[in-house]
Amino acid sequence: MSSIRPLIPLLIAAGILLGGNGLQGTLIALRGAQEGFSASIIGFMGTAYFAGFLLGCIAISRIMKSVGHVRAFSALAAMASSGTLLLILVIDPVMWSVIRFVTGFCFAGLFTVMESWLNSGAQNHDRARVLAIYRIVDIGSVTGAQFMIPVFGADGFAIFAIMSIMITLSLVPISLGDRSNPKPPEDVKLDLARVWRISPLGSIGCIAVGVTNSAFRTLSPVYAEEIGMSVTDVVTFISVGIIGGALIQYPLGHLSDRWDRRKVLLMTTTLAMLSTLALAFLAGNAPLANFALVFVFGSFAMPLFSLSAAHANDRAGKDEFVLVNAALMLFYSIGAIVGPFAASAVMEHMGPHSLFAFMGCVYAIFVVITLYRMGVREGVPESERGRFIALLRTSTVFARLARRKADETAEPALASQRLTNASQTERK
């Protein structure tokens, strides 16, 4: 535990930022609906956020090399905090879209700085524990922060001020709690074509998940508000979906380590599709029915990114983990740029329940693609499959933090496999 203690300030800052980011996404949708913004305008704001996020993922390494971790973090946090206050000072859809673009850029950079710091500070023998703690911090802060909205209300100044305070306070543990000056991460190699050739299915899966998950995170508050839910019910609806994904992800991952991963991916996508169709056509306006079905939806929709990434990494070479996962993160971001605006256009013409019908169509297309790929390419043998890793979609650096844990976990298995192969060779 003593080796993890220096990382506690970083984990505290991560919790503050993850909570503030999740809170802002929900609040933008709710307050925008209250201000009379259409679903398509709110969807475009989501698109703007993910466009900024994609640009931030690409640019942050150069910024860190120029000014270092602390200065990069401080500048980005100041911009994000100021932008949050501008949201309430200037209530205008064009201004909000610009602010969301800048906020996406800032949060991509902030998460990259934190995860780069964690990566350099975590000892190899503590990486599993650090990843577990980080995952708990992520789920706890994102779901917990949602409930500030019903406490403080979405229609006043206070909640925006609280978000700004949260982002500003993240500077305190970063500035005072760690005196190290880690080396900035190397530039991420962005060879999307190569990664596509390594695993077309994994790449398409990440794009599809980007489309659906971003549509859900951006527009589910609008859906819940339009079917008559209270503010408390809205944040509960969103949180239940996130919690479902967190609980089921590891059992699905363990199952995918034992079976052909594509079969698990096919099963999970099919169940996600069925849950969206149930939300679209069976849930109606009843809160309890929506809560139950969105839990099922989250259970199977949220793990799809990690399952797609695990399949892609099974196809990758020994030293391609970081390359592949950086590209998959960008594939996800490309899908996330498209998702909110496309889904909002459907909602604008067909009503709130069409949000889930839209996502169901995306999953159906991915099911067909998965079946096709299973027919044209053999599965990866179990002896050559890596271990499932639950990946966060916060930055391209997260893969480096997870890589050493995977290497350490996989090494005994690889050694055992080598001994088995040698023994079989001798017997022959």
For Pro221 and Val234, the nearest pair of non-hydrogen atoms, with its separation, is CA-CG1, 3.9 Å

Step by step, work out the side chain to side chain contact (heavy atoms under 4.5 Å, CB included) result for Phe331 and Ile204.
CA-CA 8 Å; Phe331 280 129; Ile204 295 169; over 6 Å; no

Looking only at the side chains, is there a donor atom on one of Tyr363 and Thr212 sitting less than 3.5 Å from an acceptor on the other?
yes

Would you call the rings of Tyr332 and Phe50 parallel, tilted or perpendicular, taking 30° and 60° as the class edges?
perpendicular

Could you walk me through whether Leu323 and Arg194 pass the side chain to side chain contact (heavy atoms under 4.5 Å, CB included) test, one step at a time?
CA-CA 9 Å; Leu323 168 71; Arg194 180 180 174 188; 3.5 Å; yes

Please tell me if the side chains of Leu201 and Phe366 come closer than 4.5 Å, counting only heavy atoms from C-beta onward.
yes

Can you find a pair of side-chain heavy atoms, one from Leu10 and one from Tyr134, that are under 4.5 Å apart?
no

Taking the side chain from His353 and the backbone from Gly284, do they hold a donor-acceptor pair closer than 3.5 Å?
yes

Shortest non-hydrogen pair, Leu252 vs Ser299, comes out as CD1-O, 3.9 Å

Using modelled atom types and a 3.5 Å cut-off, is there a donor and acceptor pairing between side-chain atoms of Asn313 and backbone atoms of Ala309?
yes

So does Asp260 pair up with Lys263, basic N to acidic O under 4.0 Å?
no

Check: Ser170 side chain, Ile167 main-chain N or O, donor-acceptor pair, under 3.5 Å:
yes

Report the distance from atom CD1 of Ile248 to atom CG of Leu255, rounding to the nearest 0.5 Å.
12.0 Å

Which distance, rounded to the nearest 0.5 Å, do you find between the CZ of Arg373 and the OG1 of Thr370?
10.0 Å

Parallel, tilted or perpendicular: which describes the rings of Trp96 and Phe160, with under 30° parallel and over 60° perpendicular?
tilted

Contact check, side chains of Ile60 and Leu76, non-hydrogen atoms, under 4.5 Å
yes

Can a donor-acceptor pair be found, under 3.5 Å and without considering hydrogens, that links the side chain of Ser220 to the backbone of Ile238?
no

Checking Thr26 side chain against Leu23 main chain: does a donor-acceptor pair fall under 3.5 Å?
no

Mind listing the closest non-hydrogen atom pair of Ala33 and Glu225 along with its distance?
CB-OE1, 4.0 Å

Can you tell me how far apart CE (Met347) and CD1 (Ile42) are? Round to the nearest 0.5 Å.
8.5 Å

Can you find a side-chain donor-acceptor pair between Ser38 and Ser40 that sits under 3.5 Å?
yes

So Phe305 and Cys206, do their side chains get closer than 4.5 Å, heavy atoms only?
yes

Distance-only, no hydrogens or angles: does the Asn285 side chain make a donor-acceptor pair with backbone N or O of Gly228 under 3.5 Å?
no

In this structure, OG of Ser344 is separated from CZ of Phe44 (nearest 0.5 Å) by 10.0 Å

State which residue, out of Phe237, Phe216, Phe358, fulfils the ring-ring contact (aromatic ring centres under 6.0 Å, His included) condition with Tyr223.
Phe237

Does a side-chain heavy-atom distance below 4.5 Å link Met166 with Met148?
yes

Judged by atom type as modelled, is there a donor-acceptor pair below 3.5 Å linking the side chain of Ser214 to the main-chain atoms of Ala336?
yes

Side-chain contact test, heavy atoms from C-beta onward, threshold under 4.5 Å: evaluate it for Arg100 versus Thr103 and give yes or no.
yes

Here the pair of heavy atoms bringing Met79 nearest to Cys106 is CB-SG, 3.6 Å

Gap between atom CD1 of Ile243 and atom CD1 of Ile139 - 0.5 Å precision
8.0 Å

Using the rule salt bridge (charged side-chain N to carboxylate O under 4.0 Å, His left out), only one of Arg261, Arg377, Arg262 pairs with Asp314; which is it?
Arg261

Between Met114 and Ala13 the two heavy atoms that sit nearest each other are SD-C, 3.8 Å

Over 60° means perpendicular and under 30° means parallel, so tell me whether Phe297 and Phe356 are parallel, tilted or perpendicular.
perpendicular

Would you say Trp196 has more than 12 foreign heavy atoms packed within less than 6.0 Å of its CH2?
yes

Min side-chain heavy-atom separation Phe300-Ser275 under 4.5 Å
no

Of Thr84, Ile159, Val235, which is the lone residue that meets side-chain contact (heavy atoms from CB on, under 4.5 Å) with Leu27?
Ile159

Got a donor-acceptor contact below 3.5 angstrom from the Asn290 side chain to the Ala286 backbone?
yes

Answer yes or no: is there a donor N or O on one side and an acceptor on the other, between the side chain of Thr269 and the main chain of Leu266, under 3.5 Å?
no

Is there a side chain to side chain contact (heavy atoms under 4.5 Å, CB included) between Ser256 and Leu265 once you walk through the steps?
CA-CA 8 Å; Ser256 75; Leu265 194 58; over 6 Å; no

Here the pair of heavy atoms bringing Pro352 nearest to Ile227 is CG-CG2, 4.1 Å

Side chains of Gln146 and Ser239: donor-acceptor distance under 3.5 Å anywhere?
no

Ala357 backbone acceptor or donor facing Ser354 side chain under 3.5 Å:
no

Please examine the side chains of Gln24 and Tyr49, heavy atoms only from C-beta on, and report whether any two atoms are closer than 4.5 Å.
no

Can you measure from CG (Leu330) to CG (Asn325) and round to the nearest 0.5 angstrom?
11.0 Å

